[in-house]
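Each remark here refers to the structure printed beneath this line.
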Amino acid sequence: MSLTDDLYRETILDHYHNPRNQGKIEDASAEVEGVNPLCGDELTLFLKLNDQGIVEDIKMNAHGCSINTASGSMMSEAVLGQSLEKAREIIESFKNMMLTKGEELPLDEELEDLEALRGVKKYPVRIKCALLPWNTLLEGLEAAEKKCCQHS
Amino acid sequence: MSLTDDLYRETILDHYHNPRNQGKIEDASAEVEGVNPLCGDELTLFLKLNDQGIVEDIKMNAHGCSINTASGSMMSEAVLGQSLEKAREIIESFKNMMLTKGEELPLDEELEDLEALRGVKKYPVRIKCALLPWNTLLEGLEAAEKKCCQHS
Amino acid sequence: MATILDKPETKEAMSSLNLEKIRRDFPILRREVDGKRLVYLDNAATSQKPLSVINKLSEYYQRYNANVHRGIHTLSEEATAMYEGTRETVRRFIDAKETCEIIFTRGTTEGINLVASTWGKQNVLPGDEIVLSPMEHHSNLVPWQVLAQEREAKLVFLELTAEGEIDMEAAAKLIGARTRIVAVTQMSNVLGTINPIKELAALAHKQGAIILVDGAQSVPHMQISVQEMDADFVAFSLHKMLGPTGVGVLWGKKDILKAMPPYMYGGDMIASVSRERSRYNELPWKFEAGTPNIGDVIASAAAFEYLSELGLENVREHEVEITRYALNRLREINGIAIYGPKDPQKRGGVISFNMKDIHPHDLGQILSDAGIAIRAGHHCCQPLMKDLQVMGTARASFYIYNTFEEVDMLLAALREADKVMGNVAYR
Amino acid sequence: MATILDKPETKEAMSSLNLEKIRRDFPILRREVDGKRLVYLDNAATSQKPLSVINKLSEYYQRYNANVHRGIHTLSEEATAMYEGTRETVRRFIDAKETCEIIFTRGTTEGINLVASTWGKQNVLPGDEIVLSPMEHHSNLVPWQVLAQEREAKLVFLELTAEGEIDMEAAAKLIGARTRIVAVTQMSNVLGTINPIKELAALAHKQGAIILVDGAQSVPHMQISVQEMDADFVAFSLHKMLGPTGVGVLWGKKDILKAMPPYMYGGDMIASVSRERSRYNELPWKFEAGTPNIGDVIASAAAFEYLSELGLENVREHEVEITRYALNRLREINGIAIYGPKDPQKRGGVISFNMKDIHPHDLGQILSDAGIAIRAGHHCCQPLMKDLQVMGTARASFYIYNTFEEVDMLLAALREADKVMGNVAYR
Ligand SMILES: Cc1ncc(COP(=O)(O)O)c(C=O)c1O
Ligand SMILES: Cc1ncc(COP(=O)(O)O)c(C=O)c1O
C-alpha cells in the first residue's frame with residue numbers, strides 16, 4: 001500500500017480530519033462557489049480583505065474528499081494574512097507544482113505543508129480535487145478586489 | 001474471369017446492347033419512376049392496360065447498368081400481353097429467385113431468359129439493380145389498375 | 001453461510017456460469033495493477049471484452065475492411081454483408097420484429113438524443129408532459145430538459161419508495177392525459193433497481209403516450225423482448241455488454257420510426273439529392289448518416305453471440321447470486337449505507353454504498369491501490385444523489401467473469417481503507 | 001516514358017515512399033480475392049489500416065479498457081490519459097492552437113451536422129446566405145439544405161471552371177454581405193480538385209462570414225495547418241487516414257465553439273445537473289456527450305503517428321507522381337472521359353472517369369472480378385453528377401501503399417472490361 005500511504009500521509013489526514021478555517025464570514029468581501037464537474041464536489045469560499053488588500057479572513061464550506069478538504073485547509077492557512085499579490089504568488093507556485101511535468105521545484109519553505117500534496121500528481125483525476133479550492137480562491141480574490149476598488 | 005463470364009452471359013449482353021421496349025407511351029395508363037438510392041440509377045416506366053386488364057403495351061426509359069437494363073428488357077418481354085394477375089405472378093417468381101437463399105427453384109419454362117439473371121445473386125449489391133425495374137413495375141401495375149377502376 | 005465463506009473454492013461452484021472458462025476468454029483479467037491482480041468491479045461503466053470480440057475487430061481490419069453499402073467490389077460486399085448481418089443478430093437478441101427497426105448509434109446517449117430531437121420536436125407541444133423517473137442517468141434526463149425548455153413542456157418525475165423502486169400507485173396518477181412520453185431506465189445504474197417496464201408501458205399507452213426505455217444497464221444483463229415489454233423505443237450501448245466502445249443500438253417501432261424526420265444528414269441516408277432538396281432513404285439507413293462505425297458494429301456481433309451462448313438466464317442467475325453474496329458481506333461492515341432494493345431478485349448486479357465519513361473518492365482511490373476497480377462519484381445521476389442526500393457513492397458492479405472470491409477481496413480492501421483513513425467504523 | 005513503362009520495378013523507385021516497406025505494414029494487402037491479389041484503389045471511400053493501428057486497438061482492449069474521465073481506478077486513469085493524449089496528437093497534426101478546440105466525432109458527417117445544428121441554428125437568419133461549392137459531398141450539402149429550409153435562408157453555389165476548379169472571380173461576387181458561412185471541401189472526392197481555402201477564407205472573413213472546411217479528403221493526404229488556412233471549422237474522418245472506422249475530428253476556433261450551444265446532451269458534457277436544469281461542461285467535453293469511442297480514438301493516435309513518420313510532404317509527392325502516371329496511362333484509352341484538373345499538382349490522388357457506353361457499375365464489377373477494388377456510382381455527389389451530365393463515374397483513388405504496377409493492372413483490367421462488354425472503345 002505504498003502509494004496509498006504516500007497519498008494519505010499524515011499531514012493530509014490531519015488537515016482532512018481537522019480542516020482549518022471552516023465556516024462562513026457574514027460580512028465577506030466575496031463569496032464564491034466552486035464545483036468539480038467530474039465528481040460533483042462543491043465548495044463555498046468566503047473572503048475578507050482589509051483596506052490594504054490583505055486577506056484578513058478566509059473561511060470555507062466544503063464537502064469533499066480528503067484531498068479536496070486538506071488542500072483547502074492548507075490553502076487557507078497559507079494565504080491568511082497575506083497581501084493580494086502574495087496570495088496570487090502562492091496560488092501560482094502551488095498550481096505549478098501540481099501541473100508541471102518533469103523537473104520538480106520544491107516549494108518555498110513557508111509552504112512546506114503543501115508539499116504533502118505533491119503525491120497527488122500520481123493520480124491525474126485527483127489533481128482536480130486538489131486544485132478546486134485554489135481555482136475558487138483565484139475567482140474570490142478577483143471578486144473581492146473589484147469590490148474593494150468600488151469602495152474606494 | 002469465370003464469375004464475370006457468368007454474369008455477363010450472352011443473354012444479358014444481348015438485352016443490354018439491344019434493350020426491348022425502350023421509349024415512351026403517350027397515352028399510358030400509368031407512368032412511374034424508380035430510383036436506386038445506392039447508385040442513383042433512374043428508370044421511367046410506361047404501362048398501358050386494356051379494358052380486360054391486359055398489359056397491352058410497356059415501355060421504359062432507363063439509363064442503367066447492364067444488369068438493370070437487361071433485367072428491364074427481359075421483364076418487358078415477360079409481361080407484355082399478360083393479365084394483371086399473371087404479371088404479378090411473374091414478378092413474384094422473379095423476386096423469389098433473386099431473394100431466396102438456399103434451395104433454388106427453376107423458373108417456369110416461358111421465363112427461361114430470366115434464368116440468366118440468377119448469376120447476379122453472387123453480387124448482393126447488384127441484386128438491387130436487377131430488381132429496380134420489377135419494383136417499379138409493381139408500383140406501375142397498382143397505379144394503372146387504380147386508373148382503370150376509376151374509368152369503369 | 002459461515003462454512004461457505006471459509007472455502008472460497010466451493011463458492012464458485014454456486015455459479016450458473018463456468019467462471020474459470022469465461023475468465024480465460026478475457027485477456028485483461030490476467031493483468032496486474034501495481035503488482036496486484038486486477039479485480040474489475042466497474043462493469044456498469046463499461047465491461048471488458050472477450051478475445052472473440054477483439055479478434056473479430058482485428059480480423060475485419062486485416063481481411064475485409066471497406067466502406068459499406070455503395071461499394072461493388074468484393075471487400076465492400078463482404079463488409080456490407082457482415083454489417084447488415086449484425087442487424088439481424090441484434091434483432092434476434094432483443095426479439096424485434098424487423099431488422100429495419102434496428103439503428104446503429106454511438107451509444108445509449110446518442111440513441112436518446114436522436115429520439116428527443118426528432119420524435120420529440122415533432123410531437124411534444126407546449127403544456128405537454130414528459131415523465132421521467134428520479135433515477136435517470138443524465139443521458140436520459142438532460143435531452144428531455146432541453147426539449148421541455150424549447151417546447152415549453154413540463155418534466156414530471158415519478159416517485160420512489162424507500163427502497164428505491166418506482167411507486168406504481170403514484171405513477172398511475174402522474175402519467176396522465178398530457179403525458180406524451182415516459183422515458184425511464186429499465187435498470188438503475190446506481191440503485192440496481194429493475195423497473196416494471198411492461199406496467200409503465202401500459203400506463204403510457206392508455207394515455208396515448210409512448211415509452212422510451214433506457215436499456216443501457218438491463219440489456220447486457222437480462223433477457224429482454226421489446227415485444228414482450230411493449231416498449232416504443234429501447235436504447236443501449238454495446239460497450240457495456242462485451243462489445244467495443246463506439247457502438248450502440250436504438251430500436252424503435254417501425255411505424256414510429258417511419259414518421260420521424262431524420263436525425264443527421266449526409267451520405268447513406270439519402271435516396272436522391274439535388275442542389276436544393278433531398279429525398280431520404282428507407283429505414284434503418286434514414287437514421288445512419290455518413291460512414292458508420294463499421295468495424296465495431298461487426299465486432300459487436302461476437303459480443304451478442306458470446307452472451308447468447310452463455311444464455312442470458314444464466315448470466316442473470318450468476319449476477320443475482322453474486323449480488324446476494326456481496327450484499328450480505330457488505331452488511332457486515334459497521335456504518336455502511338447500501339442503496340436500492342434489498343432483494344437481489346429485484347435488482348441488477350450494481351451495488352452503491354457509502355462507508356460513513358469516508359468520501360467515495362477516497363474509497364475508490366484506496367481500492368484502486370489494492371488492484372480493485374470500482375467507481376466513485378455521482379454516476380451521472382446528480383438529481384438522485386440529491387434525493388439520497390449524498391455527494392456521491394462508491395459503486396461495485398458485477399458481470400459474467402466476477403467471482404465470489406473477488407467480493408471477498410473487495411471486503412478486505414474496504415476494511416483496509418477504513419484503517420488508512422483513520423476511521424473507526426469497522427471493528 | 002516508354003522505357004519506364006517496360007520496367008515496372010524501376011517505376012517504384014520514382015516514389016518518395018518506401019512502398020515495399022509500407023505494404024508490409026498492411027496485412028490486408030496480402031489478401032487474395034478469388035485467387036487474385038487484391039489491388040485496393042478505393043481509398044477515397046476508406047483507407048486500409050497498418051498493423052500499428054490494429055495492434056493499438058487490440059492492446060487497448062487487452063490491457064487498459066475502461067470508461068474515461070470519471071474513473072479513479074488505474075485502468076480508467078490510463079485510458080483517460082491515452083484518450084486525452086490523442087487530442088494533443090491531433091492538435092499537433094493540424095496545427096491547432098489548443099487541445100480544447102479538438103472535438104472527437106464519429107466522422108466528417110457528424111462534425112458538419114454538429115456545426116449546422118448548433119452554430120447554424122444560432123447564427124443563420126431568414127434571408128441569410130450559405131455558400132457551397134457544386135462539388136460538395138452530400139454530407140456537406142444536405143445539412144445546409146435542411147438548415148436553409150428551417151431558417152428560410154438561401155443556398156448559394158459557387159461556380160466551377162471547365163476543369164472543375166472553383167471560379168474565384170465569380171466567388172468574390174457570390175460571397176457577399178448576406179453570406180453567413182462558406183462551407184466547402186478542401187479536396188473533391190470526385191474531381192480531385194484542391195480548393196484554395198485560404199483565399200476563400202479571406203473572402204468569407206471580409207464579409208464577416210465564417211468558413212467551414214470539409215477536410216475528409218485533404219487531411220489524410222496533405223499537410224494542413226488550420227491556422228495557416230485561417231479556417232473556422234475543419235471536419236475530417238479517421239477511417240480515411242489509416243485510422244479505425246467510427247472516429248472523426250471537428251476542429252473549431254475556440255471563441256466560436258465557446259459561444260455555441262451543445263449538440264447532444266448526457267453524461268460527460270455537463271458540469272452539474274438538477275432535475276430541471278443543467279450547467280454544461282467546458283470545451284471540448286461540452287460537445288462529447290456520453291461514453292466516447294474510446295478504443296478507436298486511442299488507436300487513431302497510431303494512425304496520426306504513422307503518417308507523421310512518413311512525412312505528409314512525402315505522402316503528397318507520392319500521390320502526385322502516381323496520379324500523374326495514372327492520368328497518362330488512362331489517357332491512352334480511346335473513348336475515356338476523365339474529370340477534374342489535368343495537372344496532378346492541382347489535385348489529389350482521386351481519378352474519376354467513364355469509358356464510353358460502359359456503365360460504371362459494370363466496370364466496377366468486372367474490375368472486382370480481377371481483384372481490383374474501385375468505386376462506381378455517384379460518390380455521394382449527385383448534384384455534381386448532374387452538372388457533369390453523367391449517372392455516375394468509376395473512381396480509382398490512391399494512397400501510400402499503391403504502386404505504379406497496380407496502375408498497370410488497372411489499365412489491363414479496363415481493357416479486359418472493354419472486351420467483356422463487347423465494346424470497341426479500345427483498339
Ligand atoms: C469530401 C467528403 N466529405 C465528407 C465525407 C463523409 O465522411 P464520413 O462518411 O466519414 O462521415 C466524405 C467521405 O465519404 C468525403 O469524401
Ligand atoms: C442507465 C444508463 N443510461 C445511459 C448511459 C449512457 O450510456 P453511454 O455513455 O454509453 O451513451 C449509462 C452509462 O453510462 C447508463 O448507465
Side-chain angles (χ1 to χ4, degrees), chain C residues 27-28 31 33 42 45-46 48-49 54 57-58 61-63 65-67 70-75 106-107 109-110 113 137-139 142-143 145-146 157 237 239 244-246 264-267 270 272-275 278 289-291 293-296 361 364-365 368 373 375-377 380 382-383, chain D residues 27-28 31 33 42 45-46 48-49 54 57-58 61-63 65-67 70-75 106-107 109-110 113 137-139 142-143 145-146 157 237 239 244-246 264-267 270 272-275 278 289-291 293-296 361 364-365 368 373 375-377 380 382-383:
Chain C
I28 206 171
R31 168 158 181 188
V33 171
D42 192 19
T46 200
Q48 297 304 338
K49 327 298 176 197
I54 303 172
L57 197 50
S58 183
Y61 289 121
Q62 303 209 18
R63 296 276 311 154
N65 166 65
N67 213 324
R70 285 173 316 276
I72 244 172
H73 55 80
T74 307
L75 263 47
R106 178 167 42 238
T109 303
E110 191 182 25
N113 275 272
H137 189 279
H138 294 163
S139 291
V142 190
Q145 284 181 348
V146 174
F157 287 88
S237 303
H239 71 89
T245 53
M264 286 196 233
Y265 302 88
I270 55 90
S272 70
V273 176
S274 72
R275 280 192 173 192
S278 300
T291 302
N293 189 349
I294 307 167
D296 290 327
H361 257 191
Q365 184 79 68
S368 174
R375 190 135 296 228
C380 294
Q382 287 191 343
Chain D
I28 206 170
R31 165 152 184 196
V33 171
D42 192 18
T46 200
Q48 297 305 338
K49 328 297 175 198
I54 303 172
L57 198 48
S58 184
Y61 289 120
Q62 304 209 19
R63 297 274 312 153
N65 166 66
N67 213 326
R70 285 173 316 275
I72 244 172
H73 55 80
T74 307
L75 263 46
R106 178 168 43 240
T109 302
E110 190 180 28
N113 275 273
H137 189 280
H138 293 163
S139 292
V142 190
Q145 285 182 347
V146 174
F157 287 88
S237 304
H239 71 89
T245 53
M264 285 197 236
Y265 302 88
I270 56 91
S272 69
V273 175
S274 71
R275 281 191 171 192
S278 300
T291 302
N293 188 349
I294 307 167
D296 290 328
H361 258 191
Q365 184 80 69
S368 174
R375 191 135 296 226
C380 294
Q382 288 191 343

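Proximity to chain D involves both the backbone and the side chain of Ser272(C), based on heavy atoms less than 4.5 angstrom apart. In this structure, the portions of Ile294(C) lying under 4.5 Å from any heavy atom of chain D include both its backbone and its side chain. Contacts of Ser278(C) with chain D are made by both backbone and side-chain atoms, with heavy-atom separations under 4.5 Å.
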Next on the checklist: One pair to check against side-chain contact (heavy atoms from CB on, under 4.5 Å): Gln48(D) and Arg31(D). What are the steps and the verdict?
Outcome noted: CA-CA 12 Å; Gln48(D) 297 305 338; Arg31(D) 165 152 184 196; over 6 Å; no
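Between the Asn293(C) side chain and the Gly246(C) main chain, a donor and an acceptor come within less than 3.5 Å of each other. Remark: the backbone N or O of Pro27(C) is not paired with any side-chain donor or acceptor of Gln62(D) at under 3.5 angstrom. In this structure a side-chain-to-backbone donor-acceptor pair under 3.5 Å is missing from Gln382(C) to His138(C).
Options Val146(D), Asn113(D), Thr109(D), Asp42(D) differ in how many heavy-atom pairs under 4.5 Å they form with chain C, and the most are formed by Asn113(D). Most heavy-atom pairs under 4.5 Å with chain D: of the set Ala373(C), Ala376(C), Gly364(C), this distinction falls to Ala373(C). When each of Val33(C), Asp296(C), Ile270(C) is scored by its heavy-atom pairs under 4.5 Å with chain D, the top score falls to Asp296(C). Note: Pro244(D) leads Gly107(D), Pro244(D), Gly377(D) in heavy-atom pairs under 4.5 Å with chain C. Between chain C and the options His73(D), Met264(D), Arg275(D), the largest number of non-hydrogen pairs under 4.5 Å is found for Arg275(D). For the options Val273(D), Val142(D), Thr74(D), heavy-atom pairs under 4.5 Å to chain C are most numerous at Val273(D). Counting heavy-atom pairs under 4.5 Å between each of Gly267(D), Ala289(D), Gly295(D), Ser58(D) and chain C puts Gly267(D) at the top.
To the nearest 0.5 Å, the span separating OG on Ser139(D) from CD on Glu110(D) amounts to 11.5 Å.
Thr46(D) pairs by the side-chain contact (heavy atoms from CB on, under 4.5 Å) definition with Asn65(C), Asn67(C), Tyr40(D), Lys49(D), His239(D), not counting sequence neighbours.
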